[in-house]
Structures are given as C-alpha cells and as structure tokens.
2 protein chains.
Amino acid sequence: MPKQDRSRATRQRLLAAAVACLAEHGWAGSTVAVVAERAGVSRGAAQHHFPTREDLFTAAVEYVAEERSTALRALFPEGAQDDRRAVVAALVDLYTGPLFRAALHLWVAASNEEQLRPRVTELEARVGRETHRIAVELLGADESRPGVRETVQGLLDMARGLGLANLLTDDGQRRERVVGQWAALLAQTLD
Amino acid sequence: MPKQDRSRATRQRLLAAAVACLAEHGWAGSTVAVVAERAGVSRGAAQHHFPTREDLFTAAVEYVAEERSTALRALFPEGAQDDRRAVVAALVDLYTGPLFRAALHLWVAASNEEQLRPRVTELEARVGRETHRIAVELLGADESRPGVRETVQGLLDMARGLGLANLLTDDGQRRERVVGQWAALLAQTLD
C-alpha cells in the first residue's frame with residue numbers, strides 16, 4: 001500500500017477500536033494505550049494521529065456517526081416514497097447499537113469533565129443537526145408547515161430515549177410496538 | 001429527637017447527599033466516604049445504614065424517585081381534568097433535574113459494572129413501571145383502547161431523550177416547543 005493509504009487505514013482502525021472500547025469499558029476504561037493495543041498499532045503511531053485522549057474519542061464517535069448517516073441514506077434511496085414505518089424504525093436503530101452506547105459514555109463523562117465538555121457539546125450539536133436533516137429528508141417532512149419540525153425533533157428525542165431504555169436490557173419487543181404506534185401518529189401530522 | 005427519628009434523619013441526609021454527589025461527580029467520583037462527609041455523618045454511621053456503595057446509591061436514586069412521584073401526583077390532584085399539556089410538561093420535567101442526572105450516571109455505570117448491573121436493572125424497571133402508572137393516571141389514558149399504552153410509553157421515552165439532550169446544554173426553549181407539539185399529538189390518541 002502507498003504510505004498515505006497505510007496511514008489512513010491505521011487511522012480508521014484506531015477509530016473503530018476507540019468506539020468499541022468506549023462501548024464496552026466506558027470512559028474510565030478508555031485510554032489511548034488501550035485503544036492502540038486493541039487496534040494493533042504502536043502507542044507512538046496512535047499519538048501521531050491523535051495527540052490527546054479527547055481528540056481520539058471525539059473523532060471516533062464523529063467518524064462512526066458519519067458512517068451510519070451514509071448507510072442510513074443508502075437504505076432508503078427513494079426517501080419518503082419508501083415505507084415510513086421502516087424509516088422510523090431505522091432512525092430508532094441509530095440509537096440502539098454500540099455507537100449510541102459509545103456516544104452515551106462520552107456524553108455522560110463530558111457532563112463532569114471540563115476538558116471534554118466543550119468538545120462533546122459541539123460534536124453532539126453537529127451530529128444532531130445532521131440526523132435531523134436526514135430524518136426530514138427520509139420522512140419527506142415539509143418543515144414549512146406548522147408543528148412538523150417539532151414533530152420530527154420529538155421523534156428523534158423519543159429514539160434517544162428508546163436507546164437509553166435498551167442500555168441494560170433488550171427492549172426490542174416493547175420498542176417495536178412503540179415505533180409502530182408513533183409512526184402512525186407521525187403520519188397524521190406529516191400527510 | 002428520639003433515637004429512631006435521629007436514625008431516620010441521618011439516613012435521609014445520606015440519601016440526599018448521595019444523589020447530589022452522583023449528579024455532580026458521576027459514579028467514579030461517588031464513594032460512601034465522600035457522601036458521608038458531604039452529609040456530615042461519620043463513615044461508620046454511613047456504613048451502618050448502607051453496607052455497600054451499591055446499597056447507598058441505588059437506595060438514593062429510588063428514594064428521590066419516590067419523592068418526585070409523590071410530588072407529581074400532588075401537583076395534579078384532579079388528574080385528567082387538569083390541563084393535559086401541563087401534565088406532559090411536568091412528566092418531562094422528571095427527566096431534566098439532578099435526579100435524572102444522578103440516575104443516568106448510575107445507569108451508564110451499571111452497563112459496564114457487573115456488581116451494579118442487576119441492581120440498577122431491577123430499580124429502573126420498578127421506577128419505570130411507577131412512572132408509567134402515574135402518567136396513565138394523570139393523563140386520564142384508557143389503556144384498554146388500542147395504541148394508548150404504546151402512546152404513553154413513547155411519550156415517556158421522549159421525555160427520557162429530552163433529559164439526555166439537556167445534559168450538556170440548557171435545551172429548555174426547544175424542549176418547550178417539542179412538548180407543546182407532542183401534547184397535541186397525544187390528545188389525538190387519548191380523546
């Protein structure tokens with residue numbers, strides 16, 4: 001591989017390892033050294049890519065969030081023409097996997113750590129805006145109509161809450177029923 | 001004060017201090033010793049009431065959750081006869097204060113700590129059922145009708161998600177608009 005590609009591959013291995021590490025061990029158990037070992041990368045190489053612990057973990061959450069956004073758009077190439085309930089379910093799925101778990105650890109740690117807080121606040125705002133944009137697009141929501149913007153926002157808040165409910169136990173069955181019902185309620189506002 | 005009352009007052013001081021400590025410093029910064037000092041109670045007395053760290057913090061979250069439930073019922077003595085939007089706003093408020101912050105820290109810590117996990121899972125299920133019961137009661141929701149149960153559940157999931165969105169920044173203005181819109185959507189199902 002050319003040097004530039006190798007460097008890029010190393011970076012991506014570190015980012016993926018960082019998200020997995022956060023999801024499994026939380027912020028307290030997540031250091032650059034642990035992630036470097038998990039990724040099979042030297043500590044020095046890891047620090048070359050990410051000088052600080054904060055750099056590594058915020059970049060990791062952002063990278064995986066972008067990957068998921070791209071995958072979500074690809075799932076519904078026709079947007080609103082697709083099954084709206086399936087779109088709602090896919091939006092909710094953003095909040096039930098290892099990425100959400102990792103982001104949640106970072107989020108909660110940021111609430112008590114001054115070094116982390118501004119970085120994570122800014123990251124969350126950016127990821128939140130992008131998720132809102134995708135939701136509006138895939139649902140075919142016309143935000144110029146009254147109440148539509150708030151309805152989509154509430155849906156994403158609900159998705160986040162469902163992710164939290166899934167943290168300690170598998171909440172899949174209940175979640176499916178809630179998603180079905182709120183997809184129907186949503187249709188009343190969007191159509 | 002009689003001995004029994006003194007003991008009870010000590011216990012309550014410890015519980016209140018434990019919730020404040022969790023909310024401010026997270027699980028990693030919350031030990032029995034730190035809480036005892038904050039409450040002005042000897043370490044030995046604290047351990048008499050709560051033999052383990054897990055005992056103290058799960059009891060604290062449960063105690064404050066019960067206090068809040070009682071306060072919420074008292075706010076709306078007439079239940080569904082009251083303003084439904086105000087009921088939704090009060091339910092959402094359950095998830096934006098220091099109690100939610102404390103519970104969230106405990107919740108996230110439990111996802112990585114085997115000692116804590118079963119205790120918190122059981123506690124969350126109990127508090128969740130009680131909150132659902134109160135919501136049904138205050139909203140005057142008839143759960144024998146199709147979709148009503150899932151509508152109320154989704155509302156509480158949204159409330160939890162709004163709490164998370166409020167963790168790092170004051171999200172009050174956006175929250176108020178979302179609450180208004182979702183209260184209107186809710187009315188379509190409940191009436």
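Lettering of chains follows the sequences in order, A, B, ..., and the numbering in each one begins at 1. Since the model is a prediction, treat every value here as computed from it, not as a measurement.
In summary, the aromatic rings of A/Trp27 and B/Trp27 are positioned with their centroids too far apart to meet the 6.0 Å limit.
A single hydrophobic cluster is not seen to contain both A/Leu14 and A/Val34; linkage of ILVMFWY side chains at heavy-atom distances under 4.5 Å, directly or through other members, places them apart.
Chain A forms the most heavy-atom pairs under 4.5 Å with one residue out of B/Arg117, B/Gln188, B/His105, B/Arg101, and that residue is B/His105. In terms of heavy-atom pairs under 4.5 Å with chain A, the best-connected choice from B/Leu164, B/Thr121, B/Leu185, B/Leu162 is B/Leu164. The choice from A/Leu104, A/Val179, A/Leu167 that makes the most heavy-atom pairs within less than 4.5 Å of chain B is A/Leu167. Taking chain A as the reference chain and counting heavy-atom pairs below 4.5 Å, the highest number among B/Ala165, B/Ala125, B/Gly29 is found for B/Ala165.
More than 12 heavy atoms of other shown residues, nucleotides or ligands fall within 6.0 angstrom of atom CD in B/Glu54. Counting non-hydrogen atoms of other residues, nucleotides and ligands closer than 6.0 Å to CD of A/Glu37 gives a total of 12 or fewer. Around CD of A/Glu130, the count of heavy atoms belonging to other residues, nucleotides or ligands within 6.0 Å exceeds 12. Counted within 6.0 Å of CZ on B/Arg8, heavy atoms from surrounding residues, nucleotides or ligands total 12 or fewer; the atom is thus considered open.
Heavy-atom minimum distance, B/Glu150 versus A/Trp182: O-NE1, 3.5 Å.
Each of A/Val120, A/Leu116, A/Val108 was scored for a side-chain contact (heavy atoms from CB on, under 4.5 Å) with B/Leu168, with one residue passing: A/Val120.
Residues of residues 169-178 of chain B lying within less than 4.5 angstrom of chain A, judged on heavy atoms, are B/Thr169, B/Arg174, B/Arg177, B/Val178 in numerical order.
A/Asp157 places no side-chain N or O within 3.5 Å of a backbone atom of B/Ala159 that could act as its donor or acceptor partner.
Taken from OG in B/Ser111 to CD in A/Glu24, the straight-line distance is 11.0 Å, to the nearest 0.5 Å.
Both the backbone and the side chain of A/Ala110 come within less than 4.5 Å of a heavy atom in chain B. At a 4.5 Å heavy-atom cutoff, A/Leu156 makes no contact with chain B through either its backbone or its side chain. At a 4.5 Å heavy-atom cutoff, B/Glu113 makes no contact with chain A through either its backbone or its side chain.
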